[in-house]
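Every heavy atom of this structure was used, including side-chain atoms; hydrogens, water molecules and symmetry mates were not.
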Amino acid sequence: MVRVKQLIKKMAFDFLPSSTVLMFHHIDNGNIIVKSGCRMKIKSFVDILDSGVSFISAEEYTKFRLSWQNPCMITFDDGLKDIYDVAYPELKRRNIPFTVFIVTDFLDKEGYISSKELQLLANDPLVTIGSHGTTHKILRGMSEAEQRLELLESKHILEKITGKRIWMFAYSHGLYDNTTVDILRAERCYDYAFSAGGGETNLITKKSVYTLPRLNMEDGLQDYYIDSRYPRLKQVL
């Protein structure tokens, strides 16, 4: 019976119109400063870029024009140095849009992008900058005052550096609580916020603009496959 339910769920998800937000951290060319355990080798990353999968910008994704082709939005967490040095040139060469969620306390530190590099990224029409908090601490369980600091101070810092409105947030480790969402709704400081799991965005998972799903992308995981017949990237259920 469990197997039958899984099969029904898979068939439903295969045929539901959707889009997917891909969550990357390190893109590893063998010469990076490792700050996270979440890594994907450059070859695996480039294979995805060249697979024929349709990629969309943050602006396109948030229109929620879901499609059977499952277009994908690329995101990077933390503001790691190799995003600028390794991933950015590959994406720029292919004219693929992407989003970087920045931890403001990490700026200008070893292994992370500099404020100058952030400015350069923000000035590229392909790039959207979002906040990943001030300190990268987990919001769930924090006091309201601490959460406000993480949400609002990081936004202020990023807007001062980039000169642009920061309208998206990604929760540290994907974790949040009711207090987090209440602050976002009351302050309207961000238009959208993302978790670190949940897979595809479809009519079932698109429940709240402050708890949007993402699909973790790193070597060693079997969370996705590329259906080369169409082609499209799909979540493994």
Side-chain angles (χ1 to χ4, degrees), residues 20-26 33-40 58 61-62 64 73-81 83 99-113 115 118 128-162 165-202 204-218 220-221 223-224 235 237:
T20 299
V21 182
L22 309 180
M23 180 183 70
F24 296 91
H25 288 77
H26 282 298
I33 300 172
V34 177
K35 293 293 183 177
S36 168
C38 304
R39 286 182 278 177
M40 177 174 281
Y61 167 80
T62 52
F64 298 113
M73 168 185 163
I74 292 176
T75 69
F76 299 96
D77 282 7
D78 301 347
L80 296 158
K81 176 68 172 170
I83 302 311
T99 296
V100 185
F101 290 109
I102 301 291
V103 179
T104 54
D105 275 5
F106 292 171
L107 285 169
D108 300 307
K109 292 187 177 179
E110 184 183 42
Y112 298 93
I113 66 172
S115 297
L118 174 58
T128 301
I129 301 299
S131 173
H132 200 32
T134 305
T135 66
H136 204 238
K137 292 179 181 177
I138 294 172
L139 296 178
R140 180 186 290 175
M142 276 187 176
S143 69
E144 181 178 344
E146 289 174 317
Q147 292 203 35
R148 284 182 176 275
L149 190 66
E150 289 287 332
L151 293 164
L152 300 178
E153 183 179 17
S154 59
K155 176 182 171 70
H156 173 73
I157 292 170
L158 291 172
E159 289 182 340
K160 185 175 181 181
I161 293 173
T162 65
R165 179 173 179 262
I166 303 300
W167 53 282
M168 294 194 301
F169 189 89
Y171 303 116
S172 176
H173 302 279
L175 299 176
Y176 56 92
D177 56 24
N178 290 336
T179 299
T180 320
V181 177
D182 288 345
I183 294 170
L184 293 176
R185 286 176 176 157
E187 295 290 340
R188 297 188 178 182
C189 43
Y190 299 97
D191 299 338
Y192 305 93
F194 296 86
S195 65
E200 297 174 8
T201 304
N202 55 39
I204 297 173
T205 60
K206 186 176 71 70
K207 295 179 180 179
S208 168
V209 295
Y210 296 130
T211 58
L212 291 168
R214 291 194 291 172
L215 183 62
N216 192 18
M217 305 292 289
E218 60 179 284
L221 295 181
D223 288 351
Y224 74 95
Q235 177 188 10
L237 298 175

| field | F101: ring pair (Phe, Tyr, Trp, His ring centres under 6.0 Å) partners, not counting sequence neighbours | value | F194
| said: Could you work out, with ring pair (Phe, Tyr, Trp, His ring centres under 6.0 Å) as the rule, every residue matching Y190, not counting sequence neighbours? | reply: F169
Going from [atom1] on [X] to [atom2] on [Y], what distance comes out if it is rounded to the nearest 0.5 angstrom?
X	Y	atom1	atom2	value
H25	L80	NE2	CG	7.0 Å
I74	M217	CD1	CE	8.5 Å
M23	N216	CE	CG	3.5 Å
I83	I113	CD1	CD1	9.0 Å
L22	T99	CG	OG1	11.0 Å
F24	R214	CZ	CZ	11.0 Å

For [X], salt bridge (charged side-chain N to carboxylate O under 4.0 Å, His left out) partners two or more places apart:
X	answer
K155	E159
E146	none
R185	none
D108	none

| Parallel, tilted or perpendicular: ring planes of Y192 versus W167, cut at 30 and 60 degrees | perpendicular
| query | Would you call D191 and R165 a salt bridge, taking side-chain N to carboxylate O under 4.0 Å as the test? | reply | yes
For [X], side-chain contact (heavy atoms from CB on, under 4.5 Å) partners two or more places apart:
X	result
S195	Y176
D177	R140, Q147, T179, T180
I161	L107, S115, L118, Q119, I157

| query | Counting N and O atoms only, with roles assigned by atom type, does the side chain of E200 sit under 3.5 Å from a partner on the main chain of Q235, one being a donor and the other an acceptor? | reply | yes
| query | Where the side chain of E150 meets the backbone of T134, is there a donor-acceptor pair that is under 3.5 Å apart? | reply | yes
| Pairs in or reaching into residues 134-158: which pass ring pair (Phe, Tyr, Trp, His ring centres under 6.0 Å), with residues at least two apart or in two chains? | F106-H136, H132-H136, H136-H173
| request: Determine, stepwise, if the pair Y61 / T201 fulfils side chain to side chain donor-acceptor pair (under 3.5 Å). | output: CA-CA 10 Å; Y61 167 80; T201 304; 2.7 Å; yes
| task | Could you tell me which residues satisfy side chain to side chain donor-acceptor pair (under 3.5 Å) with R39, sequence neighbours excluded, listed by chain and number? | result | none
| request: Mind checking side chain to side chain donor-acceptor pair (under 3.5 Å) for K35 and listing every partner two or more places apart, or none if nothing turns up? | output: none
